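Read through the structure below, which is laid out as structure tokens, and then see the notes.
These numbers come from a predicted model, not from an experiment.
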Amino acid sequence: MRLRSLTLVAASGAALLAAGVLPAHASGPGPGDPADTTPGAPASVQEGTVSAADLLAKVTSCSQISNGKYRTDEETSATVPVCGKNGAVFWKADMDIDCDGQRTANCNEDRDPWYQDDTAFHQSDGKPLKAESLPYVVVPSSSSIWNYSGAGIKGGGVVAVVYGGKVEYAVVGDTGPTGIIGEASYATAKALGIDPDPATGGADSGVTYILFKNSKVSPIESHSAAVTLGDQLARQFLQNN
């Protein structure tokens with residue numbers, strides 16, 4: 001679990017600049033593709049067959065399922081509800097950068113003032129996740145506001161993260177503060193063209209997180225498995241909503 005500080009610096013125009021300058025490939029990785037979890041891999045224009053526009057068209061209105069709303073940072077007011085759809089829950093927020101888990105070149109105590117060496121959910125070998133190479137999303141720890149597990153959201157569940165016309169499939173990989181929402185791993189941010197620096201990066205707003213109920217990627221550390229299952233669930237989501 002990661003606690004955010006009042007000194008967290010949100011992203012500025014740098015994130016928008018990054019979104020337009022990273023190289024892109026036309027489709028998601030295939031099963032077993034070794035490049036799909038490699039730090040520095042190019043950002044996807046679209047993973048899978050479902051476009052960002054089609055997904056966003058299904059989440060224009062909110063049927064609130066949380067008992068209250070969340071803050072995006074310690075210093076902001078609570079404005080973000082968790083919304084329900086057939087087969088999924090979603091929220092629209094910012095993106096803070098989670099760099100917890102296994103130490104890597106860009107995720108460690110020196111690079112991240114809030115670094116912790118563990119994640120709520122672990123790889124198939126029992127080790128913490130690798131934020132630098134695995135796209136994952138942080139969900140708020142269960143509280144009176146909302147209990148993610150009671151809504152069918154599991155560790156390793158599939159999340160479609162939409163930003164700047166791009167779709168990135170991630171897994172539920174960590175839990176955060178009970179009152180704050182809007183956080184994803186270094187790898188998620190980088191793939192979406194968001195500045196992934198854990199101290200100064202992130203996006204102020206405009207990020208949509210669609211979490212598919214009762215889904216689970218196995219093994220959790222396989223990004224290609226998340227893309228394959230995510231694409232299937234996204235197509236079902238479009239059909240059922």
Side-chain angles (χ1 to χ4, degrees), residues 2 15 18-19 22-25 27-48 50 52 55 88 90-91 93-102 104-107 112 119-124 127-139 153-176 182-198 201-203 207-212 215-234:
R2 180 189 185 88
L22 293 176
H25 56 78
S27 62
D33 181 356
D36 57 24
T37 58
T38 301
S44 303
V45 171
Q46 175 183 315
E47 288 193 329
V50 178
L55 286 172
F90 75 92
W91 56 81
D94 65 344
M95 183 184 288
D96 294 330
I97 308 302
D98 186 281
C99 233
D100 294 342
Q102 295 187 48
T104 57
N106 288 299
C107 288
D112 181 1
T119 50
F121 307 106
H122 292 167
Q123 295 180 163
S124 55
K127 294 180 180 179
L129 303 180
K130 286 185 179 180
E132 184 170 348
S133 58
L134 180 68
Y136 70 72
V137 165
V138 181
V139 297
I153 304 305
K154 307 174 181 179
V158 183
V159 187
V161 188
V162 185
Y163 177 81
K166 299 178 182 179
V167 179
E168 178 70 9
Y169 289 106
V171 293
V172 175
D174 205 358
T175 57
E183 188 173 2
S185 68
Y186 183 106
T188 309
K190 187 167 186 176
L192 289 167
I194 295 170
D195 180 2
D197 188 291
V207 185
T208 300
Y209 303 82
I210 304 172
L211 294 76
F212 298 109
S215 62
K216 191 173 180 66
V217 174
S218 183
I220 190 174
E221 66 268 21
S222 173
H223 180 57
S224 60
V227 173
T228 299
L229 181 57
D231 186 56
Q232 173 188 337
L233 293 173

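Partners of Ala52 by side chain to side chain contact (heavy atoms under 4.5 Å, CB included), not counting sequence neighbours, listed by chain and number: Val162, Val167. Residues satisfying the side-chain hydrogen bond (donor to acceptor under 3.5 Å, both in side chains) criterion with Asp197, sequence neighbours excluded, are Thr200. For Leu129, the side chain to side chain contact (heavy atoms under 4.5 Å, CB included) partners at least two apart in sequence or on another chain are Thr119, Gln123, Leu134, Tyr136, Ile220. Partners of Tyr186 by side-chain hydrogen bond (donor to acceptor under 3.5 Å, both in side chains), not counting sequence neighbours, listed by chain and number: Asn106. Partners of Ala88 according to the side chain to side chain contact (heavy atoms under 4.5 Å, CB included) rule, which considers only residues two or more places apart in sequence or in another chain, are Ile210, Phe212, Phe237.
Contact between Val171 and Ala226 at its shortest, heavy atoms only, is CG1-CB, 4.1 Å. Considering all non-hydrogen atoms of both residues, Pro135 and Ser185 come closest at CA-OG, 3.5 Å. Ala170 approaches Val137 most closely through the heavy-atom pair CB-CG2, 4.0 Å. Contact between Ser218 and Ala225 at its shortest, heavy atoms only, is O-CB, 4.3 Å. Of all non-hydrogen atoms in Val217 and Ser222, the two that sit nearest each other are CG1-O, 3.7 Å. In plain terms, the two heavy atoms of Glu47 and Val227 that are nearest each other are OE1-CG2, 3.5 Å.
Ser124 places no side-chain N or O within donor-acceptor distance of the main-chain N or O of Pro219, the cut-off being under 3.5 Å. Listed for the Lys216 side chain is a donor-acceptor partner under 3.5 Å among the backbone atoms of Gly155.
Proximity of Leu192 to Val161: side-chain heavy atoms (C-beta onward) are separated by under 4.5 Å at one or more points. Contact annotation: the side chain of Thr175 approaches that of Val139 to within less than 4.5 Å [non-hydrogen atoms, C-beta and beyond]. Contact of the Thr228 side chain with the Tyr169 side chain is not registered, since no non-hydrogen atoms from C-beta on lie closer than 4.5 Å. Within the 4.5 Å cutoff, the side chain of Lys130 has no heavy atoms near those of the Glu221 side chain. With contacts defined as side-chain heavy-atom distances shorter than 4.5 Å, the pair Asp94/Val207 does not qualify.
Atom CD of Glu183 and atom CE of Met95 lie 10.0 Å apart (nearest 0.5 Å).
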For Leu55 and Thr208, what are the C-alpha separation, side-chain angles and deciding distance, and is it a side chain to side chain contact (heavy atoms under 4.5 Å, CB included)?
-> CA-CA 9 Å; Leu55 286 172; Thr208 300; over 6 Å; no

Test log, rule side chain to side chain contact (heavy atoms under 4.5 Å, CB included), inputs Asp112 and Asp100 | CA-CA 9 Å; Asp112 181 1; Asp100 294 342; 4.2 Å; yes

Go through Lys190 and Glu168 one step at a time and tell me if the side chain to side chain contact (heavy atoms under 4.5 Å, CB included) criterion holds.
-> CA-CA 10 Å; Lys190 187 167 186 176; Glu168 178 70 9; over 6 Å; no

